[in-house]
Amino acid sequence: MSSNIESTNPNLNSRLTSEGCSVLLDINDGDRLVFARLAAAAKLKIGNKSCSLQPLIGCSYGSLFQVETGPDGSLLARVTPAVQGNITEEKRDNQLNVESRDNRTLIDNNKAQSLTGEDIQAMKSQGARGDEIIEALIANSATFEKKTSFSQEKYRLRKQKKYAPKVLLRRPVARSICEAYFRKYPAKIRFLRMDTLSLLLSMANVSCHSDILVVDMVGGLLTGSVAERLGGTGFVCNSYLGTAPYSMDIVRIFNFSDEICKRIVRSPISDLLIQKESPEQIIHHDDVCNMESLTNNQVSTSVRVDEISDPSGSEISEQGAENVENINIPAIRVSKSTKAGERAQQETINLWKENGFSSLIIAAPDLDTWTLVRDLLPLLSNSAPFAIYHQYLQPLATCMHNLQVGKMAIGLQITEPWLREYQVLPSRTHPCMQMSAFGGYILSGTKICSS
Amino acid sequence: MLACDSANKLSFNRFISNGDLVIVYERHDNMKPVTVSENSVLQNRFGVFKHSDWIGKPFGSKVFSNKGGFVYLLAPTPELWTLVLSHRTQILYIADISFVIMYLEIVPGCLVMESGTGSGSLTTSLARAVAPTGHVYTFDFHEQRAASAREDFERTGLSSLISVNVRDIQDEGFSDEFAGLADAVFLDLPQPWLAIPSAAKMLKQDGTLCSFSPCIEQVQRSCETLQTSFTDIRTFEVLLRTYEIREERMEGISGEGNVANGSLPCKRRQRSDGSNMLSSSSSVSTVMARPNGEARGHTGYLTFARLKCLS
Ligand SMILES: C[S@@+](CC[C@H](N)C(=O)[O-])C[C@H]1O[C@@H](n2cnc3c(N)ncnc32)[C@H](O)[C@@H]1O
């Protein structure tokens, strides 16, 4: 039973970072999320400190770093989490919910801390580590001992974030990219939540060696997620109305091998429809204006200033409002990823015309759903599933109705996913106080043979 | 169900042949898996369908019975399979399955371990996600269930991607030959905390684990156990609400007069010029949507975690 135990594709599932790879940096438990490309010269700014990303190269994803002060300024030092085994007496008590303290005597008058700003500054200039400062703050706090252990923990965490910020190195994959954008910059991905995205991928049966037709107006997140599932087989055809492709920036954030990049191609919808449908059927679409009419074919050159810093350097931009930041990719590296999003070759298009696409996924809230589906559905092979995302119900309801009337598809269903996260703690388990109340709607179904 | 090499990729308009598995679709809530066999018939309330009539037709075709009734023949997918498989246990459904695959970061080439196999609903989707080069090792301590699952994977054409093994995972853990090789581990066991230490041993650094449990007490214990060697421990619940749509013809008021809301139409019926503006009501047709009244209210909690990175 152990015939193919060996992990097969090191390229695909690499768990180590390397120079030039893309990473997601989670700063202080999600307070800030930064997409970056690792280069020796790249620097990350945290508060007023600037740290080189060099120490992150060659590390395992999941590694944790802490900002420390070294001889040449601040640096990111690796911290190894302890494997917990020995729970302290007090923690044990708390797990059993035996809390001996409460906060009735706490007075919040800002006098509890006897360590002054100058004291801390002095410690720093003597090279004290962040952890040492935190311990000093605790030792000099008149109220710390009186706090409940729950508030003690919160106090410690607050100080840690300030004096010893943590940076967690994460792998940029469909899930982490989607969640990061949804948390910090949801408009860019049209509020497509990770559970909704995951449903789109299964409902459209995205599997190896399939040819998936997508209309992606969610910044490339959909295209990238499909390509990730195809793993360098089949094709994801990113199609667009008119002459200007939609932005596909997010594809660059995935660490795709050349093999996978080659499988991401683009085509104007009109090219796919020629000869199959009469041309006038698509003309009405052309006045729908494109969001980014100036970007050209290459993914790598469509750089939007609002989220990426000045292309001349490799500094990270600090954007106050949007916390999903991209570190700019130095110019030399740009060529590496240009392969993703080449124009589909005519022979490939001909094959699709002959055999049909295996499935269709649409996330194009700016286009008229029904006419788009009406024109694209005939491009699918028979029995092919499809899934359409929308933030509004009505366009999907209309589309579903028309598909029913036209007997074009069966198994039609509109679904709305609901996702709730829980806090699980000893004696303090409950749903999280904040949740996303809406993740969009999906219309799914299966194309049938036209009789 | 899957095309594991490009020669028989799915996007080729495939034709039904003898021995194929098809999903017979009557309605969205009435489907059935049938293996096509030249000399067989399918009998249902619509009449008798001869399999021989199906052979050579493309998937997605509408086929007729001796009485003129019809069904559709669909190509199997993991989603359809989950709806038609024989329930030997409780199973996972599309919402949980999709979220698990995405959160566990399962992509082609991954090595995934699962226990218990149950009815193989999740396993089928795991196999699709790791194909063509990865593998799913699934374990159940129930001999009969393991055997049935094996038969099912044979039938759905996934057996080269899945190994089903009989083993008590809570008692013995996973076998050591996989130590440090798994990209992801999935647990759907009554006492998952017993299997967690072994799951940790199987995982690669930063590898992902998911445990599915219907009860919050199970989650509580699992999370406590996870603290030892896992990080990023998060628990979710995911549900689906479905919508029904209908086109409704509703009477509307025609005529150019502005009828104030709530004013009684009869009062205005007679105008000075004698025209009868409100009597000619036109009917307007609208497509409307509303949530279905019934839905699954709970399936289980999904707890995810990543193996701590120590080196
Ligand atoms: C709810 S079912 C799993 C359903 C599965 N996730 C699916 O989607 O079809 C749970 C399975 O775990 C198996 N099981 C229970 N205890 C076990 C143990 N200690 N070791 C291995 N399998 C076990 C049961 O036999 C049962 O088939």
Side-chain angles (χ1 to χ4, degrees), chain A residues 1-2 4-5 7-9 12-13 15 60-63 80-81 83-85 173-175 194-195 198-199 202-203 205 207-211 228-229 231 233 355-358 381-383 385 393 397-398 400-401 410-411 413-422 424 429 446-449 451, chain B residues 2-3 6 9-13 25 28 58-62 72 74-75 77 79 94-95 98-99 102-103 105 107-111 128 131-133 135 163 177 181 183 204-206 216 219-220 223 227-229 231 234-243 245 247 287 289 306 308-310:
Chain A
M1 78 184 200
S2 47
N4 50 3
I5 280 185
S7 191
T8 28
N9 199 336
L12 242 164
N13 309 325
R15 297 189 169 272
S60 174
Y61 285 106
S63 303
T80 317
V83 174
Q84 286 173 13
V173 292
R175 204 275 308 167
M194 57 176 169
D195 51 324
S198 78
L199 279 162
S202 5
M203 285 168 164
N205 190 26
S207 44
C208 63
H209 294 297
S210 352
D211 297 335
E228 188 179 87
R229 293 277 173 103
T233 68
N355 303 307
F357 285 97
S358 342
S381 67
N382 290 312
S383 199
L393 185 54
T398 305
M400 174 162 162
H401 176 73
I410 53 171
Q413 185 142 58
I414 296 177
T415 36
E416 180 194 356
W418 183 90
L419 181 70
R420 170 171 257 181
E421 187 163 2
Y422 284 76
V424 181
T429 293
T446 303
K447 185 208 166 190
I448 50 171
C449 300
S451 18
Chain B
L2 289 179
S6 48
K9 35 200 282 178
L10 295 172
S11 63
F12 284 65
N13 263 321
Y25 176 104
H28 79 276
F59 279 99
S61 292
K62 188 179 187 175
Y72 292 95
L74 301 182
T77 65
E79 285 61 46
I94 185 165
S98 309
F99 198 58
M102 169 156 267
Y103 209 106
E105 301 173 4
V107 295
C110 279
L111 191 155
R128 170 177 64 190
T133 48
H135 203 83
S163 306
E177 60 178 312
L181 292 175
D183 294 284
K204 295 179 181 167
Q205 283 217 27
D206 200 38
I216 200 73
V219 174
Q220 196 82 43
C223 285
Q227 301 289 337
T228 312
S229 36
T231 155
R234 295 174 73 183
T235 300
F236 296 91
E237 192 181 9
V238 58
L239 292 172
L240 291 183
R241 171 185 250 186
T242 57
Y243 285 77
I245 63 152
E247 186 183 35
V287 176
R306 313 187 77 95
K308 271 183 201 163
C309 249
L310 297 173

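Order of the sequence lines fixes the chain letters, A, B, ..., with proteins taken first and strands second; residue numbering starts at 1 for each chain. Below, all heavy atoms of this structure are taken into account, side chains as well, without hydrogens, waters or symmetry copies.
- Here A/Thr429 is the residue among A/Thr429, A/Thr446, A/Thr398 with the most heavy-atom pairs under 4.5 Å with chain B.
- For a residue to count as touching a neighbouring chain, one of its non-hydrogen atoms must lie under 4.5 Å from one of that chain's; by this rule B/Tyr103 touches chain A with backbone and side chain alike.
- In terms of non-hydrogen atom pairs under 4.5 Å with chain A, the most contact-rich of B/Thr235, B/Val219, B/Ile216, B/Thr77 is B/Thr235.
- The most heavy-atom pairs under 4.5 Å with chain A, out of B/Met102, B/Glu105, B/Arg306, B/His28, come from B/Met102.
- Nearest heavy-atom pair, A/Asn382 versus B/Phe59, reported as atom, atom and distance to 0.1 Å: CB-O, 3.0 Å.
- Contact of the B/Arg128 side chain with the A/Asn205 side chain is registered, since non-hydrogen atoms from C-beta on lie closer than 4.5 Å.
- Heavy atoms only, all atoms of each residue included: B/Asp206 and A/Arg15 are closest at O-NH1, 3.4 Å.
- One finds the CD1 atom of A/Ile410 at 5.0 Å from the OH atom of B/Tyr25 (value rounded to the nearest 0.5 Å).
- When the candidates A/Ser198, A/Pro385, A/Gly62 are compared by the number of heavy-atom contacts under 4.5 Å with chain B, A/Ser198 comes out ahead.
- Of the residues considered (A/Met203, A/Glu421, A/Lys447), A/Glu421 shows the highest number of contacts with chain B, using heavy-atom pairs under 4.5 Å.
- Both the backbone and the side chain of A/Leu199 come within contact range of chain B, each with at least one heavy atom under 4.5 Å from a heavy atom of that chain.
- The CD atom of B/Glu237 sits 3.5 Å away from the OH atom of A/Tyr422 when rounded to the nearest 0.5 Å.
- Most heavy-atom pairs under 4.5 Å with chain B: of the set A/Ser202, A/Gly411, A/Ala397, this distinction falls to A/Ser202.
- Using a 4.5 Å cut-off between heavy atoms, A/Glu416 contacts chain B through both its backbone and its side chain.
- Contacts between B/Tyr72 and chain A at a heavy-atom distance below 4.5 Å involve the side chain alone, from C-beta outward.
- Under the 3.5 Å distance criterion, the side-chain polar atoms of A/Ser383 are matched with a main-chain donor or acceptor of B/Ala75.
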